[in-house]
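For reference, the structure is listed below as structure tokens.
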Amino acid sequence: MNTKKRAVSPVLTQEDEGLDFTLRPQSFKDYIGQSNIKKNISIIIDAAKKRKEPCIEHILFYGGSGLGKTTLSFLISKEMRSSMRTVAGPSIKRSGDLAAILTNLKKGDVLFIDEIHRMNSVCEEVIYPVMEDFKLNIVIGKGPMARTMDIKIPPFTLVGATTKLALLSSPFRSRFGATFRIDNYKTEEVEQIIARSAELLNIKVEKDALKRIASCSRFNPRVANRLLKRVRDFSQSKNKEVITEKDAKQALSFLDIDEIGLDSGDKKVLEVLIKSFNGGPAGITSIAMASGEEEETIAEIHEPYLMQIGFIKRTKQGRVVTEKGRKYLGV
Ligand SMILES: Nc1ncnc2c1ncn2[C@@H]1O[C@H](COP(=O)(O)OP(=O)(O)OP(=O)(O)O)[C@@H](O)[C@H]1O
Ligand SMILES: [Mg+2]
């Protein structure tokens, strides 16, 4: 099974697109958790408003999929009463692509570049003077006839999002006025998020059922919302009006998710480490080969969660199963 198909994968799927849109918080009040980031952004926005500036300093968000980077950018544009233009990093291949986007911006716009680490690095040189002085230098013509032209771009806020900060060059990173790391959520926060989602989707769920779904959601809002929807579908097929904890448990186990949120892929990784590698250390490539899972799936889905709950740890020599992990599998 690939990364996208797993119910517990945080990576955006087609199924999530509509759900993400419907459930996206419309104000900072609805944006649960990340209080430090919210506080800092509010200060930045307030200060810009007091100075009567049309935009704020450029902001970079980094953190795993589904943790709320796009949402934060959207909330910034709402708070600034401006429009958000969204561009996918991989679609910016040539300087001309970037110039076209920049020359179409209006004063105060938020330009959201998603997966900004995948923007072609030749475009970085073009974007630096724009980030610094809102000046676009373009070269017209070739050879001895070539000349440069400065085009003034209206002041705007660049918001970049990345899941892989290390892949962004340091000169690029340093041109953002503020960089925020979005962390995983606490289970109680995830519970609050899906309580709101249940209301919006008109789903009646008992508190204990919400708790159970939250505790299986890998501390991730997107996964939590997706599981809530799947549990709803399962319960509806059984004509249940109100979802109880028992229903949630049944639905989750039908989805191949156990009491603590592990799916068969997670267990396989643990088992392989214990049985084939005597508990480790083992490298990710060897684990992938022995378990039949893709390396990417292990790196993006299984390993982060198994590490967070303390079932495996990473050492210089490779991955090792902890005592807690062994106990859980009963080995
Ligand atoms: N703090 C939050 N409070 C409430 N809901 C949230 C929060 N963060 C995320 N969500 C929910 O999770 C969904 C996914 O969030 P979002 O699209 O912002 O993630 P992302 O970090 O941009 O993911 P990706 O890296 O895949 O682009 C949102 O539509 C929203 O419903
Ligand atoms: Mg996003």
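Here the structure is a predicted model, which means the values were calculated and not measured. When a ligand or atom number is given, it counts from 1 through the structure's own listing order.
- Annotation: atom 19 (O) of ligand 1 to nearest protein heavy atom, Gly68 N, 3.1 Å.
- If you take CG on Asp266 and OH on Tyr328, they are separated by 10.0 Å, rounding to the nearest 0.5 Å.
- In this pair, Phe28 and Tyr31 present their aromatic rings perpendicular. The plane angle is above 60°, beyond the 30 to 60° band.
- Interface of Leu67 with ligand 1, defined as ligand atoms under 4.0 Å from a residue heavy atom, comprises 8 (N), 19 (O), 21 (O).
- Residue Thr71 holds the heavy atom nearest to atom 15 (O) of ligand 1 of all those in Leu200, Thr162, Thr71.
- Here CG of Asp247 is found 12.0 Å from CD of Gln236. Values are rounded to the nearest 0.5 Å.
- Ring pair Phe176/His58 is perpendicular by interplanar angle, where above 60° counts as perpendicular and below 30° as parallel.
- The nearest protein atom to atom 20 (P) of ligand 1, hydrogens excluded, is given as Lys69 N, 3.5 Å; this is a heavy-atom distance.
- Between Val190, Ile32, Leu23, it is Leu23 that holds the heavy atom closest to atom 31 (O) of ligand 1.
- Atom CZ in Phe156 sits 6.0 Å away from atom CZ in Phe134 (nearest 0.5 Å).
- Each of the following atoms of ligand 1 lies closer than 4.0 Å to a heavy atom of Tyr185: 1 (N), 2 (C), 7 (C), 8 (N).
- Side chain of Thr297 to backbone of Glu293: no donor-acceptor contact under 3.5 angstrom is found.
- The single protein non-hydrogen atom nearest to atom 26 (O) of ligand 1 is Arg222 NH1, 2.8 Å, given as residue, atom name and distance.
- Near Asp30, the atoms of ligand 1 lying under 4.0 angstrom from a non-hydrogen atom of the residue are 3 (N), 4 (C).
- Between Phe254 and Phe234, the ring planes lie tilted relative to each other; the angle falls in the 30° to 60° range.
- Only one option out of Val8, Asp263, Leu227 pairs with Leu252 in a side chain to side chain contact (heavy atoms under 4.5 Å, CB included); it is Leu227.
- Screening Lys69, Glu115, His117 against Thr162 for a side chain to side chain donor-acceptor pair (under 3.5 Å) leaves a single residue, His117.
- Side-chain atoms of Asp109 and Ser82 include no donor-acceptor pair closer than 3.5 Å.
- Listed by number with element, the atoms of ligand 1 under 4.0 Å from a non-hydrogen atom of Ile193 are 2 (C), 3 (N), 4 (C), 5 (N).
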Practice task
Dump the intermediate steps for side chain to side chain contact (heavy atoms under 4.5 Å, CB included) on Leu67 and Tyr185, then the final yes or no.
Solution key: CA-CA 8 Å; Leu67 293 180; Tyr185 291 74; 4.0 Å; yes

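- In this structure, the protein non-hydrogen atom closest to atom 29 (O) of ligand 1 is Asp20 O, 2.8 Å.
- Judged by a 6.0 Å distance limit and a 45° cone about the ring axis, Arg175 is positioned over the six-membered ring of Tyr128.
- Interface atoms of ligand 1 facing Asn225, defined by a heavy-atom separation under 4.0 Å, are 11 (C), 31 (O).
- Scanning all protein heavy atoms for the shortest distance to atom 30 (C) of ligand 1 gives Pro25 CD, 3.8 Å.
- The protein atom (non-hydrogen) at minimum distance from atom 6 (C) of ligand 1 is Pro221 CB, 3.9 Å.
- Between the choices Thr70, Thr163, Ile37, the shortest heavy-atom distance to atom 22 (O) of ligand 1 belongs to Thr70.
- What sits closest to atom 23 (O) of ligand 1 on the protein, heavy atoms only, is Gly66 N, 2.8 Å.
- At least one N, O or S atom of Thr70 sits under 2.8 Å from the Mg ion (ligand 2).
- From the protein, the heavy atom lying nearest to atom 17 (O) of ligand 1 is Arg24 NH2, 2.8 Å.
- The distance criterion of under 3.5 Å between nitrogen or oxygen atoms is not met by Arg196 with respect to ligand 1.
- Listed by atom number, the atoms of ligand 1 under 4.0 Å from Ser65 heavy atoms are 23 (O), 24 (P), 25 (O), 26 (O).
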